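A note on names: the letters A, B, ... follow the listed sequences, proteins ahead of strands, and every chain is numbered from 1. What you are looking at is a predicted structure, and each value in this text was computed from that prediction instead of being measured.
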Protein chains: 2
Amino acid sequence: MAEVVDLRSRAVLPIGTVMTLTALSARQIRYYEKQGLVHPQRTAGNHRMYALNDVDALIDIKDQLASGLSLDDIKRLRKPRQPVNETSDAAVRQALRAELLNQSRMNQNPSGPSVSQGFGFRP
Amino acid sequence: MAEVVDLRSRAVLPIGTVMTLTALSARQIRYYEKQGLVHPQRTAGNHRMYALNDVDALIDIKDQLASGLSLDDIKRLRKPRQPVNETSDAAVRQALRAELLNQSRMNQNPSGPSVSQGFGFRP
DNA sequence: CCAATGATGTCAGCTTATCTGACATTCGGG
DNA sequence: CCCGAATGTCAGATAAGCTGACATCATTGG
């Protein structure tokens with residue numbers, strides 16, 4: 001009984017909800033959008049509306065940022081145009097750097113698992 | 001990996017979204033709430049926030065209303081305190097009436113299947 | 001038949017949520 | 001030291017939501 005539209009891809013969440021679900025600020029969410037990392041729909045009144053998939057994507061972005069990657073890095077990882085081209089060495093170094101950083105500074109990262117399976121977390 | 005809180009029961013949807021998801025008016029949704037049939041949470045700013053479970057409940061209510069039941073009938077069906085007590089005959093007549101009505105006037109009911117399935121897992 | 005009731009529409013006045021754009025801040029690396 | 005990336009914050013404007021009241025329209029019990 002497949003639904004007409006899968007709920008996971010249906011834009012039903014306002015930015016306020018996404019803020020609490022991702023623990024990101026509205027500023028951050030909008031900024032990531034400007035960087036082309038998420039593409040929320042808009043209501044007739046121009047308000048952003050997100051799907052669960054967007055929430056997952058944002059959580060991934062957050063994790064990747066926390067692991068030391070830059071938004072540009074993440075952008076590239078999202079679009080595997082070609083596996084990696086000329087400037088690969090730079091990218092590799094980036095990744096390595098991220099790896100190292102991730103190891104050494106396992107800082108405060110209360111961001112739970114992806115919302116996908118069961119949405120939230122929170123006692 | 002059960003989540004602390006299942007997405008299905010997490011209040012993340014504003015009433016506008018619920019309106020489109022259920023094809024009910026805000027007036028109807030709020031009225032059903034006043035009748036004790038749904039219990040949305042509230043934001044700090046007093047805005048209602050619904051969970052997917054609420055959406056399903058509302059769709060059920062809509063179907064039952066369309067089948068001829070009254071909100072009071074639906075209320076009783078929700079709380080099977082005791083199967084049926086003193087005033088059962090009245091309830092029975094209600095049910096019968098609903099049955100008949102349901103048969104005769106299979107009117108317009110474009111409400112798709114429950115939204116339930118399709119939100120919480122990935123294809 | 002008629003008044004009472006249930007379900008819904010609609011409007012007004014108000015508060016909250018979100019939007020955009022601009023300026024400020026912080027921090028790491030060349 | 002300066003620059004750019006990422007984020008905070010504030011102001012002014014619009015959309016979205018809230019409550020309460022009055023209107024409408026069937027149904028139904030008397």
Side-chain angles (χ1 to χ4, degrees), chain A residues 11-38 40-50 54 58 61-76 90 93-94 96-98 100-101 104-105 107-108, chain B residues 11-38 40-50 54 58 61-76 87 89-91 93-94 96-98 100-101 104-105 107:
Chain A
V12 294
L13 311 172
I15 200 171
T17 293
V18 176
M19 289 172 62
T20 72
L21 251 29
T22 62
L24 289 170
S25 68
R27 182 70 162 87
Q28 288 173 303
I29 297 170
R30 298 196 192 106
Y31 184 60
Y32 302 160
E33 175 186 355
K34 187 163 297 182
Q35 301 307 308
L37 290 171
V38 284
Q41 293 187 206
R42 298 286 186 131
T43 67
N46 202 37
H47 282 199
R48 274 167 263 250
M49 292 297 278
Y50 300 82
D54 295 320
L58 287 169
I61 292 169
K62 181 180 181 179
D63 288 348
Q64 294 180 296
L65 275 177
S67 79
L69 293 183
S70 70
L71 288 181
D72 276 348
D73 293 336
I74 299 173
K75 260 183 263 184
R76 279 185 284 260
R93 278 194 300 141
Q94 279 288 53
L96 290 182
R97 174 167 61 93
L100 295 180
L101 290 174
S104 58
R105 42 129 139 136
N107 50 0
Q108 82 306 2
Chain B
V12 294
L13 310 172
I15 200 170
T17 293
V18 176
M19 288 172 63
T20 73
L21 251 28
T22 62
L24 291 169
S25 68
R27 182 70 162 87
Q28 288 173 304
I29 297 171
R30 297 197 192 106
Y31 185 59
Y32 302 160
E33 176 185 354
K34 186 163 297 181
Q35 301 308 308
L37 291 170
V38 283
Q41 294 186 203
R42 298 287 186 128
T43 67
N46 202 35
H47 284 198
R48 273 166 263 250
M49 292 297 278
Y50 300 83
D54 295 321
L58 287 168
I61 292 168
K62 180 180 181 180
D63 288 348
Q64 295 179 297
L65 276 176
S67 78
L69 293 183
S70 70
L71 289 181
D72 275 348
D73 293 337
I74 300 174
K75 260 182 265 183
R76 280 183 285 261
T87 59
D89 51 354
R93 278 194 300 142
Q94 279 287 54
L96 289 181
R97 173 169 60 95
L100 295 179
L101 289 175
S104 57
R105 40 131 139 134
N107 50 2

> How close or far is atom P of D/dG8 from atom CD1 of A/I29, stated in whole angstroms?
Replying inline: 11 Å
> In whole angstroms, how far is the P atom of D/dA5 from the NZ atom of A/K34?
Replying inline: 13 Å
>> With nearest nucleotide decided by heavy atoms, which residue, A/M49 or B/N46, maps closer to the 5′ end of DNA chain C?
In response: B/N46
> C/dA17 P sits how many Å from B/I15 CD1, rounded?
Replying inline: 15 Å
> Any sub-3.5 Å donor-acceptor pair from A/K62's side-chain atoms to A/L24's backbone N or O?
Replying inline: no
>> What is the distance, to the nearest angstrom, from the CZ atom on B/R30 to the C1' atom on D/dT19?
In response: 8 Å
>> Just to verify, what does A/R48 make a salt bridge (charged side-chain N to carboxylate O under 4.0 Å, His left out) with, not counting sequence neighbours?
In response: A/E33
> Can you check the B/Y50 OH to D/dA16 P distance for me, whole Å?
Replying inline: 16 Å
> Considering residues at least two apart in sequence or located in another chain, which fulfil the side-chain hydrogen bond (donor to acceptor under 3.5 Å, both in side chains) criterion with A/Q35?
Replying inline: A/K75
> Which heavy atom of A/P14 sits nearest a heavy atom of A/Y50, and at what distance?
Replying inline: C-CD1, 4.3 Å
> Within less than 4.0 Å of OP1 or OP2 of C/dT20, is there a side-chain N or O belonging to A/R42?
Replying inline: yes
> Can you check the A/Q41 CD to C/dT18 P distance for me, whole Å?
Replying inline: 17 Å
>> I'd like to compare against my own output: the B/S/- annotation of nucleotides 6-13 of chain C with a strict under-4.0 Å heavy-atom distance to protein.
In response: SBBBB---
>> Under the rule for side chain to side chain contact (heavy atoms under 4.5 Å, CB included), what residues qualify as partners of A/A26, not counting sequence neighbours?
In response: A/I15, A/M19, A/R30
> What residues, two or more places apart in sequence or in another chain, satisfy side chain to side chain contact (heavy atoms under 4.5 Å, CB included) together with A/T43?
Replying inline: A/H47, A/M49
>> Output the rounded distance in Å from CG (A/L37) to C1' (D/dA6).
In response: 13 Å
> Which residues satisfy the side-chain hydrogen bond (donor to acceptor under 3.5 Å, both in side chains) test with B/Q64, sequence neighbours excluded?
Replying inline: none
> Closer than 4.0 Å, any side-chain N/O of A/R48 to the OP1 or OP2 of C/dC19?
Replying inline: yes
> Quick one: is A/T43 getting a side-chain N or O under 4.0 Å of the D/dA16 phosphate, OP1 or OP2?
Replying inline: yes
> Roughly, in whole Å, what's the span from NE2 in B/H47 to C1' in D/dA15?
Replying inline: 11 Å
